[in-house]
Amino acid sequence: MSLFAARVSVYSCAEAGPRFGIRRRKGWGMGTVDSKAIANAVRTQRATMDALFEQLRADGLDEPGVSRDPYGPGEQRAHASVTRFAEAMGLEIGHDAGANLYMTLPGRDRGAPVLVIGSHLDSVPHGGNYDGAAGVLAGLAVVGALKALGVMPRCDIVVMGIRAEESVWFQVSYIGSRSSLGTLPDGALDVRRVDTGRTLAEHIAECGGDPAALLERKRHFDPAQIATYLELHIEQAPSLIEAHRSAAVCTGIPGNFRFPDARIEGSHDHVGLPRRFRRDAATAGAAFAMALDELWADYDARGIPMACTLGRFHTDPAAHGLTIVPGAFHFSLDVRAYDPDVLAGLETKVAAIVARIEQERGVQFHLGPTARAAVGPVDPRVKKGLEDAAAAQGIPVLHIGSPASHDGAAFAAEGVPIGMVFVRNANGSHNPHEAMTIDDFLDGTVVMAHWIVQGWT
Ligand SMILES: [Zn+2]
């Protein structure tokens, strides 16, 4: 309990403005708080944030790494810890039909469209401690800084602990954020979690949500009531490591199309069968992989950002063997890009590759259901505001497109202006070796806090 006692004492100093050297000149608006005071108000939370990260690590520990399984015990424990922390800060706690967590700092005008600072609290199995959680903690640190500075935002600031962002579990994108917006795709509630075999509806109900309300598309947020959605996330590529920068302002979130359960049907045959008679599903899979790689290289050469990934790629373990021509091949495919037209063009090209390989190799592709997520354009004014905030704080930032999908795209799809800040992180993500430092986390959080103090108070 000492952890939480320490937190309370940190947040009880809302009246401690002078300690941070706040200078507000007579006749000036609320947005004149000194840059140094803003940075100090964030950075003095270092030990508190470190302790909360460690609490989350302990909550999700599943060697190697952490498993915060969505709508399961791992994610539940993270929600409980974050809730206790927010309660100690005096924030208003709320939930919706999708069991998302809302921690609200009231603003001066409680009816005004709100500022949401959100991220997800789930993880991949045996993942790292920072993917997702860093964004929720950044939101809490921003709110903590506002309280310490004694400034009241002009609208409510809602820190959102989002459910089930990692699609490896249910193979559906943005479950939590789309639940809050009433845009969960048809049939999503009947999808089964890959490890438990139970439906999303069952899992949501177990965690206090209301799947019946979600089926009726009841939403927590009217998109018009969200002024901006802001998210901090660890970078999942090494661009910041390479550039020796601590933080970046995001230029866009990719959309994707996905075939979670695709297969190639050929013919299982004797190992001695001459090539001309073969309908080898595995070599068809290999040809498909090489064609996709060539496609990507072509886009790379033309400077058009995209990515394609064959996450699962294998013969059928029940039927394969040393002396058998493989007649079945299974794969998953994720294709992503930052421009809706580029994405649509890629889908047409992938279909053409499939048709060509079918014809050349006498096999049949069964692509199965297609999952889609729209491109998430970043709002230019939010981007500019964050860049200006970084400059005012003397924090040099990169400008990068997100390599990964993020909940912000679900908000952008509903017309909500979004912005994102990335934080340097060694060793990539979706593995136990994520290595964000608390210093870099605080840099990214200072950028967000500066922009919010200057523009939203
Ligand atoms: Zn994430």
Side-chain angles (χ1 to χ4, degrees), residues 52-53 56-57 59-60 62 65-72 74-75 78-79 82 98 100-101 116-140 159-180 229-240 247-250 252-256 258 307 309 311 334 336 371 373 375-376 378 400-413 418-436 440-441 444-445 448:
L52 185 52
F53 275 122
L56 289 177
R57 189 191 299 283
D59 289 339
D62 185 12
V66 300
S67 297
R68 296 195 270 264
D69 56 319
Y71 297 109
E75 189 189 54
H79 274 246
V82 168
N100 291 297
L101 168 63
V116 178
I117 308 175
S119 188
H120 62 96
L121 283 171
D122 60 319
S123 76
V124 298
H126 307 293
N129 195 34
Y130 305 112
D131 181 340
V136 179
L137 270 58
L140 292 171
V159 181
M160 184 175 176
I162 301 174
R163 293 275 187 175
E165 190 268 352
E166 298 291 2
S167 45
V168 66
W169 302 90
F170 288 102
Q171 306 198 61
V172 175
S173 301
Y174 313 140
I175 290 171
S177 42
R178 290 202 275 191
S179 294
S180 79
Y229 172 88
L230 194 60
E231 181 171 340
L232 175 145
H233 203 280
I234 58 167
E235 199 210 349
Q236 291 162 297
S239 310
L240 284 166
V249 173
C250 174
I253 301 173
N256 64 55
R258 290 171 165 176
T309 305
D334 173 300
R336 52 190 49 213
V375 169
V378 161
I400 51 174
S402 170
S405 311
H406 297 288
D407 285 301
F411 288 89
I418 69 158
M420 282 195 79
V421 170
F422 292 117
V423 173
R424 175 165 53 191
N425 163 58
N427 309 329
S429 75
H430 290 190
N431 71 60
H433 311 297
E434 286 174 3
M436 179 195 77
D440 292 347
F441 166 79
T445 306
M448 287 190 355

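For ligands, and for the atoms within them, numbers begin at 1 and follow the listed sequence. As the structure is a computational prediction, the values presented were derived from the model and not from experiment.
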### Task
List the steps and the verdict of salt bridge (charged side-chain N to carboxylate O under 4.0 Å, His left out) for Asp334 and Arg258.
CA-CA 4 Å; Asp334 173 300; Arg258 290 171 165 176; 2.6 Å; yes
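A donor-acceptor contact closer than 3.5 angstrom links the side chains of His430 and Asp131. When only modelled atom types and interatomic distance are considered, His120 and Asp122 share a side-chain donor-acceptor pair under 3.5 Å.
Within the 6.0 Å centre-distance limit, the rings of Phe53 and Phe441 are counted as a close aromatic pair.
Taking 2.8 Å as the limit, the number of protein N, O or S atoms around the Zn ion (ligand 1) is 3.
By the 30° and 60° cut-offs, the orientation of the rings of His406 relative to Phe422 is tilted.
Listed for the Glu235 side chain is a donor-acceptor partner under 3.5 Å among the backbone atoms of Leu240.
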